[in-house]
Amino acid sequence: MSLKGVMFDFSGTLMRVEPAVSWLRAAAERTGTALPADRLGRYAAALEKAGALPGGAPPRVVPPELAALWRERDRHAAGHRALYTGLARLVPLPEPALYDALYDRHMEPAAWRPYPDSLEVLRGLAARGIGVAVVSNIGWDLRPVLRAHGLDGYVDTYALSFEHGVQKPDPRLFEAACRSLGLPPERVLMVGDSAHADAGAAAIGCAVRLVEHLPADERPSALRPVLDLVG
């Protein structure tokens, strides 16, 4: 049976968040905080180690007081903000306003970059009449980010964890996307970067293709094979 729909993860699949240094630099500029280059680098490395950048590397250790928030971080917007600002506060920064500014920055279109082949593949799927959904574990509305980068016009529907109150690999999020596409799961391919979260789509009968969560420059064409799998 041929595939007639594709579900894509967002972070690490269609788009990649900016490096921690530029993330912190933008927040520092927003708050009027002067950070010399050496301090900027040290703070950015510490924030990255703490896992404070959503879409970046996970924390090496989740403190016990944040463990519950970590487990359900993508189920609602308030919990997502509380978790990531809490992780950032593990790093003593010189200006308290930086913690909220960092969180706000990561939701801005300028903080994200499409993978080099994202637009090409989405256009190709649209040209073939293939339905496209974005299925993401996330605590905020990513639609403006895709819109700003010219990708949203090729997405038919969204299943975002914070809007449904469930997060991948819970099959209900994949089922919601398939229903919205009007397709049975066995006609839909899930493309993502997490063997734990995204491969959960296999439980409802979807095919799964995994890509590596790499910087955009290091992964120029991992999505292109999707075009050979559908139609």
Side-chain angles (χ1 to χ4, degrees), residues 9-74 77-116 118 136-142 144-146 148-149 151 160-162 167 192-194 196-197 211-220 222:
D9 173 53
F10 169 65
S11 175
T13 301
L14 287 176
M15 304 196 74
R16 171 77 182 208
V17 75
E18 67 186 327
V21 168
S22 60
W23 171 58
L24 177 56
R25 183 184 297 113
E29 291 173 355
R30 187 74 49 83
T31 59
T33 305
L35 290 177
D38 60 334
R39 294 175 66 200
L40 180 73
R42 288 200 305 270
Y43 285 134
L47 288 164
E48 192 166 26
K49 181 178 178 180
L53 173 57
R60 297 184 185 180
V61 178
V62 178
E65 66 272 19
L66 296 176
L69 283 172
W70 175 258
R71 287 192 297 271
E72 299 192 350
R73 62 193 177 278
D74 298 311
H80 194 270
R81 176 181 280 271
L83 181 275
Y84 282 102
T85 54
L87 289 170
R89 286 188 174 93
L90 297 174
V91 180
L93 297 176
E95 170 54 58
L98 280 169
Y99 298 109
D100 282 320
L102 284 168
Y103 187 84
D104 293 339
R105 166 65 182 182
H106 100 275
M107 297 185 289
E108 297 174 2
W112 293 87
R113 180 180 173 188
Y115 281 93
S118 291
S136 177
N137 279 352
I138 199 163
W140 49 277
D141 187 1
L142 55 78
V145 173
L146 293 183
H149 289 278
L151 304 182
L160 308 182
S161 60
F162 83 103
Q167 58 192 37
D193 66 299
S194 171
H196 170 68
V211 295
E212 292 185 270
H213 188 133
L214 295 172
D217 290 339
E218 297 177 23
R219 211 198 74 195

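Atoms CG and OG1, on Asp100 and Thr85 in that order, are 6.5 Å from each other to the nearest 0.5 Å. Atom OH in Tyr99 sits 12.0 Å away from atom CG in Leu87 (nearest 0.5 Å). Note that OG of Ser11 and NE2 of His213 are 4.5 Å apart. Values are rounded to the nearest 0.5 Å. The line from CG of Asp193 to CG of Asp9 is 5.0 Å long, rounded to the nearest 0.5 Å. Between Arg105 atom CZ and Thr31 atom OG1 the span is 12.5 Å, to the nearest 0.5 Å.
A 4.5 Å side-chain heavy-atom check between Lys49 and Val91 finds every atom pair outside the cut-off. Taking 4.5 Å as the limit, every side-chain heavy atom of Pro63 sits out of range of all side-chain heavy atoms of Trp70. Leu83 has its side chain out of reach of Glu72: every pair of non-hydrogen atoms, C-beta onward, lies at least 4.5 Å apart. Residues Glu48 and Pro19 form no side-chain contact, since every pair of their non-hydrogen atoms from C-beta on lies 4.5 Å or further apart. The shortest side-chain heavy-atom distance between Leu146 and Trp112 does not fall under the 4.5 Å cut-off.
The residues Glu108 and Arg30 are annotated as salt-bridged, a charged nitrogen and a carboxylate oxygen being separated by less than 4.0 angstrom. The existence of a salt bridge linking Asp217 and Arg16 is excluded, since no basic side-chain nitrogen approaches an acidic carboxylate oxygen closer than 4.0 Å.
Across Gly12 and Val211, no two heavy atoms sit closer than the pair O-CG2, 4.1 Å. Contact detail for Leu35 and Ala28: the closest heavy-atom pair is CD1-CB, 3.9 Å. Taking both residues in full, the closest heavy atoms of Met107 and Val145 are given as O-CG2, 3.7 Å, listed atom of the first, atom of the second, then distance. In this structure, Leu151 and Pro114 approach most closely via the heavy-atom pair CD1-CB, 4.3 Å. Across Ala216 and Pro116, no two heavy atoms sit closer than the pair O-CD, 3.4 Å. Shortest non-hydrogen contact noted between Thr33 and Pro94 is CG2-CG, 4.2 Å.
Put simply, the side chain of His149 gets close to the backbone of Pro109: a donor and an acceptor are under 3.5 Å apart. With Ser136 contributing its side chain and Leu160 its backbone, the two residues share no donor-acceptor pair below 3.5 Å. For the pair Ser118 (side chain) and Leu14 (backbone), a donor-acceptor distance under 3.5 Å is present. Although no hydrogens or angles enter the test, the distance criterion places a donor-acceptor pair under 3.5 Å between the side chain of Trp23 and the main chain of Leu102. The closest donor-acceptor contact from the side chain of Arg219 to the backbone of Glu212 lies under 3.5 Å. Under the 3.5 Å distance criterion, the side-chain polar atoms of Tyr103 are left unmatched by any main-chain donor or acceptor of Pro54. Between the side chain of Glu95 and the backbone N or O of Ala34, no donor-acceptor pair lies under 3.5 Å. No donor-acceptor distance shorter than 3.5 angstrom exists from the side chain of Thr13 to the backbone of Phe10, with no hydrogens or angles considered.
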Chi angles and distances behind the side-chain contact (heavy atoms from CB on, under 4.5 Å) call for Leu47, Leu53: CA-CA 7 Å; Leu47 288 164; Leu53 173 57; over 6 Å; no

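Classification of the His106-Trp140 ring pair by plane angle, with boundaries at 30° and 60°, yields perpendicular.
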